[in-house]
Q: 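Got a structure for you, written out below as structure tokens; questions coming shortly.
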Amino acid sequence: MTACFRFLAAALLLPAWLHAQPLVLWYRQPAAKWVEALPLGNGRLGAMVFGGIARERLQLNEDTLYAGGPYDPANPDALAALPEVRRLIFAGQYAEAQTLIGQKMMAKPLREMPYETAGDLFLTFPGAQSATNYRRGLDLDTAIAHVSYTAGGAIHSREIFCCADPNVIVVRLSADKPGCVAFAASMKTPQRASVQSIGGDALLMSGTNGAAQGIAGALRFQARVLVKADGGTLAAGLDSISVTNANAATLVISVATSCKNYHDVSGDPQALTEKSIGGAANLSIDALRQRHVAAYQHLFRRVSLDLGASAAASLPTDERIKNFSDGGDPALAALYFQFGRYLLIACSRPGGQPANLQGLWNESMTPPWESKYTININTEMNYWPAETCNLAECVEPLADMALDLAQTGARTAKVMYGARGWVAHHNTDLWRATAPVDNPKSGMWPMGGAWLCQNLWEHYLFSNDSNYLAKIYPALKGAAQFYLDTLVPEPSHGWLVTCPSVSPENTHPGPGKSSLCAGPAMDMEILRDLFAHAGRASLVLGRDADFRAQVAAARARLAPLQIGRAGQLQEWLEDWDMEAPEIHHRHVSHLYALFPSDQIDLRKTPELAAAAKKSLEIRGDQATGWATAWRMNLWSRLHDGDHAFNILKFLLSPQRTYPDMFDAHPPFQIDGNFGGTSAIAEMLLQSQGELELLPALPKAWPNGSCKGLRARGGFEVDIEWKDGRLAKAAIRNSNPDACVCRVRYGEEHADFDVNGHAAFSCDGGLRELK
Ligand code: FUC
């Protein structure tokens with residue numbers, strides 16, 4: 001056989017779904033590990049699809065299935081200890097402060113509730129031990145996972161998708177010859193639950209969640225699987241359903257808990273699962289697929305990205321990840337970018353929970369860091385790509401969570417600090433716990449809620465939606481009020497600072513090997529944003545003039561950004577950076593001002609930008625998954641595309657990306673995916689003030705195009721570039737109030753009146769195309 005003929009033969013055997021290649025993750029073998037399985041989700045339900053030949057495993061999640069029940073962990077001893085803790089910190093007795101915080105100020109219980117798996121659906125295929133032409137994959141354009149292979153003389157196909165309405169996971173099994181579909185379906189779970197078959201064609205799992213950290217389980221849950229066969233025989237066992245000699249079969253899966261919200265667990269999982277299954281039962285597979293694809297593509301297809309193609313793109317995804325750092329596969333970076341968008345659509349949609357540390361995919365009862373919300377970076381990073389990558393709707397669950405935290409955090413503010421407003425520390429969970437957890441070194445950070453407010457503000461900047469602003473205003477105002485009541489003047493300059501606090505998780509070299517301190521740079525940066533945004537919101541909404549004056553006055557007294565003796569941006573009030581025990585620490589908290597905030601800017605604050613660059617150089621490029629992705633965003637803001645691309649080579653290598661493209665902290669944590677997606681968008685378009693085209697285009701992507709990225713002010717942008725230079729751009733305006741847009745490309749800039757739509761060319765000057 002000639003090579004060409006072999007190629008053609010192989011191409012002819014390819015299943016149809018594999019032809020949509022630029023947007024397909026695919027593999028030549030089933031998943032052997034969980035991080036090889038492919039994720040599906042509709043914002044509430046999730047499934048990891050393994051694609052086994054003799055046995056398919058669908059690991060299932062529902063985004064409210066956490067341990068425990070409503071609880072309030074605020075420690076009433078904290079308030080009395082607070083003055084002494086502050087005195088110790090200002091006296092430099094950090095270790096003593098840490099001990100006292102450990103005794104008096106930490107949450108009870110000390111850890112939050114874990115997010116847990118619902119269990120597994122297994123499909124066993126009798127006699128199907130070996131197969132040829134095996135392929136499995138995930139088509140990002142349709143959000144459908146596929147498995148296909150030849151066995152027993154027939155080509156077998158599996159299609160799995162997670163439909164938003166009705167809220168179900170759908171599995172379709174078919175073969176190219178009649179009567180060849182045979183399998184047995186069963187379920188298993190580590191939860192306190194039982195499984196039985198019901199009605200002759202369905203499985204029902206019912207159970208209750210468990211206790212954790214002494215907090216009793218308060219949730220009931222159910223999972224249902226309806227099996228429909230086309231031809232053949234359907235038979236029910238005690239806890240299984242089998243199908244033999246069918247032409248095809250469809251399984252519809254629903255999971256629900258009794259969680260209505262963080263303080264109400266009176267929901268009815270039976271009614272919910274029956275309703276979802278009922279909504280799907282009478283729809284044909286084609287109708288279900290059509291509904292799913294239409295709803296998904298409404299979000300996904302807003303953005304396209306072409307960074308160039310090469311022969312490497314025809315390899316399976318796991319092999320491409322191994323080779324990416326060689327530099328010859330720009331299309332893998334585009335796939336990674338779109339995978340991040342896919343994941344956000346799959347794990348964060350209106351009405352559901354926000355994306356947690358693992359999005360919504362977790363196979364364990366005791367996952368790393370409880371797979372909940374770490375709000376000293378990770379949850380915020382999850383939403384970095386939402387606005388720029390045109391998925392603004394996906395932010396809604398985050399805004400809803402912040403509004404919940406404003407409720408629970410009001411009690412924590414009062415009980416622990418005697419303050420108005422609300423506060424959340426470095427973690428939260430389904431039950432919206434807000435007190436400091438784990439240990440003082442990481443937990444005693446009263447800024448988690450304030451940082452979330454920055455994400456919320458971004459949503460306003462991209463939309464200019466004043467109804468939305470009115471909705472989030474109580475959260476902005478309450479967060480600001482907390483700091484008006486709790487900031488204290490530091491003894492040397494009288495600057496207003498947080499105390500006690502930490503620069504997230506980084507030990508400083510002051511006495512006592514502690515991270516406890518007053519007024520770390522990040523806190524000051526977050527507060528500069530919060531006070532500005534809360535003040536601006538009150539102005540736009542025409543409310544609370546006194547409050548506006550108060551936040552402006554407090555803002556002016558915050559400790560300033562300082563440049564240290566190595567030319568670096570100081571992480572703490574003291575010039576400690578160069579003696580810090582972990583000089584390459586993963587968190588780059590003080591660089592918040594450069595990204596995600598815009599307080600440091602290459603053009604507007606060049607000295608501070610140079611200091612931030614110095615800090616970044618000192619920290620180094622390689623860290624945990626999310627920390628690597630943060631560095632990539634930062635280098636993009638410094639307009640160094642080649643540096644950002646070099647970091648991507650590490651992020652998109654097997655060291656930081658699993659075969660299914662999930663980010664490796666390690667272990668799996670989804671923030672790195674979202675941070676990486678955001679960074680690629682930042683390389684192509686930025687909009688802090690001006691709408692800047694290709695601010696950090698690396699040499700590795702000389703030709704390409706993107707469509708549908710979004711800029712602050714409500715603009716949508718298409719860009720085309722050739723030989724490393726901008727060729728053409730088009731800007732659409734979805735906000736009729738803001739028509740004039742300042743566009744920048746390198747040193748050139750021009751103002752355009754974008755009334756609806758404008759297109760530009762750039763061949764030695766930004767010019768409008770009439
Ligand atoms: C923060 C990080 C860790 C990890 C955890 C979930 O504490 O410092 O690296 O990502 O969150």
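First listed ligand is number 1; within each ligand, the first listed atom is number 1.
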Q: Using the ring of each side chain (for Trp, its six-membered ring), is Trp626 parallel, tilted or perpendicular to Trp630, with breaks at 30° and 60°?
A: tilted

Q: For Glu682 and Arg637, what are the C-alpha separation, side-chain angles and deciding distance, and is it a salt bridge (Lys or Arg N to Asp or Glu O under 4.0 Å)?
A: CA-CA 7 Å; Glu682 290 288 321; Arg637 282 280 169 99; 3.0 Å; yes

Q: Under a 4.0 Å heavy-atom cut-off, what residues line ligand 1?
A: Leu357, Trp369, Thr374, Asn378, Glu505, Arg586, His587, Trp626, His665, Gln669

Q: Parallel, tilted or perpendicular for Tyr94 and His508, by the 30°/60° rule?
A: perpendicular

Q: Within the side chain of Gln570, is there an N or O that forms a donor-acceptor pair under 3.5 Å with the backbone of Trp572?
A: yes

Q: Show, in sequence, the C-alpha distance, side-chain angles and deciding distance for Trp34 and Phe668, and conclude whether the ring pair (Phe, Tyr, Trp, His ring centres under 6.0 Å) test is met.
A: CA-CA 10 Å; Trp34 191 83; Phe668 164 52; 5.6 Å; yes

Q: State whether a side-chain donor-acceptor pair under 3.5 Å links Gln98 with Asn439.
A: no

